[in-house]
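Both backbone and side-chain heavy atoms feed into the values below; hydrogens, waters and symmetry mates do not. Bear in mind that the values here come from a model prediction, so they are computed numbers and not experimental data.
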Amino acid sequence: MRQALKAGVLIATACIPLLVQGQWKWRDAEGRMQYSDRAPPRGTADKDILTRPAHAPLRLVAESPSTSAASSPQGKASSPAEAARRASEPASVHPNKADEARRQQRSDNCHRAQEYARTLDEGQRVQRVNAQGEREFLDEGQRSRERDKARQVMDAECS
């Protein structure tokens with residue numbers, strides 16, 4: 001009886017990473033942490049999504065200069081007050097700020113697309129939630145289309 005109990009605990013413990021693997025973590029509009037096995041609402045800013053599953057679909061977001069990480073021209077981190085002041089300034093005051101924000105966004109998109117393509121190429125089972133809220137695994141046709149989309153993103157963002 002004890003061995004069966006130990007085996008059950010061992011199996012349950014081994015399954016925990018599988019349960020956590022598909023979890024999302026994000027900060028909602030009120031600043032509260034949210035956890036779910038479903039993606040956050042469409043209006044959620046990419047910077048507010050703190051954890052996403054490895055198989056999460058790609059989401060290209062054009063970040064505005066006001067939401068990029070602020071830093072001083074010397075490359076030192078700014079204080080929160082300085083960051084807020086710089087974010088409120090027009091892009092014409094800091095012409096490279098908008099370019100740097102776009103470069104960072106492209107780099108993030110490139111990395112995300114490469115990871116997703118790698119997941120698809122490795123043959124891992126990929127699931128997503130359909131319009132009815134049900135989980136479904138990608139079949140080979142869907143995998144192929146997702147691979148093509150990831151490659152298109154890599155072509156556009158990784159150059």
### Query
Where do Arg125 and Arg143 come nearest, in terms of heavy atoms and distance?
CA-NH1, 4.2 Å

### Task
Salt-bridge test for Lys149 and Glu146: reply yes if a basic N is under 4.0 Å from a carboxylate O, no otherwise.
yes

#### Entry: SB check Arg102 Glu157 (cutoff 4.0 Å)
yes

### Message
Do the side chains of Arg112 and Asp46 get close enough for a salt bridge, i.e. N-O under 4.0 angstrom?
### Response
yes

### Message
On a heavy-atom basis, which atom in Ile49 and which in Trp26 lie closest, and how many Å separate them?
### Response
CA-CB, 3.9 Å

### N-O pairing of Lys97 and Glu100 below 4.0 Å
no

### Task
Decide whether Asp148 and Gln152 meet the rule of one side-chain donor and one side-chain acceptor closer than 3.5 Å.
no

#### Entry: Arg103 backbone acceptor or donor facing Ser107 side chain under 3.5 Å
no

### Query
Is Met33 isolated, or which residues cluster with it under the ILVMFWY side-chain rule of less than 4.5 Å, directly or via members?
Tyr35, Leu50

### Query
Will you find, in the side chains of Glu134 and Asn130, an N or O donor that is under 3.5 Å from an N or O acceptor?
yes

### Query
Could you give the distance from CD (Glu115) to NE2 (His111), rounded to the nearest 0.5 Å?
4.5 Å

### Task
Might you point out which heavy atoms bring Cys158 and Gln114 nearest each other, and give the distance in Å?
SG-NE2, 3.9 Å

### Query
What closest approach, in Å, do Arg38 and Ser36 show between heavy atoms, and which atom pair accounts for it?
N-OG, 2.9 Å

### Query
Do Arg128 and Arg135 have side chains that get closer than 4.5 Å, going by heavy atoms?
no

### Query
Can you name the closest pair of heavy atoms from Arg27 and Thr44 and give their distance?
O-CG2, 4.3 Å

### Query
CG of Asp37 to CD of Gln127: how many Å apart, nearest 0.5 Å?
8.5 Å

### Query
Nearest heavy-atom pair of Tyr116 and Leu138: which atoms, and what distance?
OH-CD1, 4.2 Å

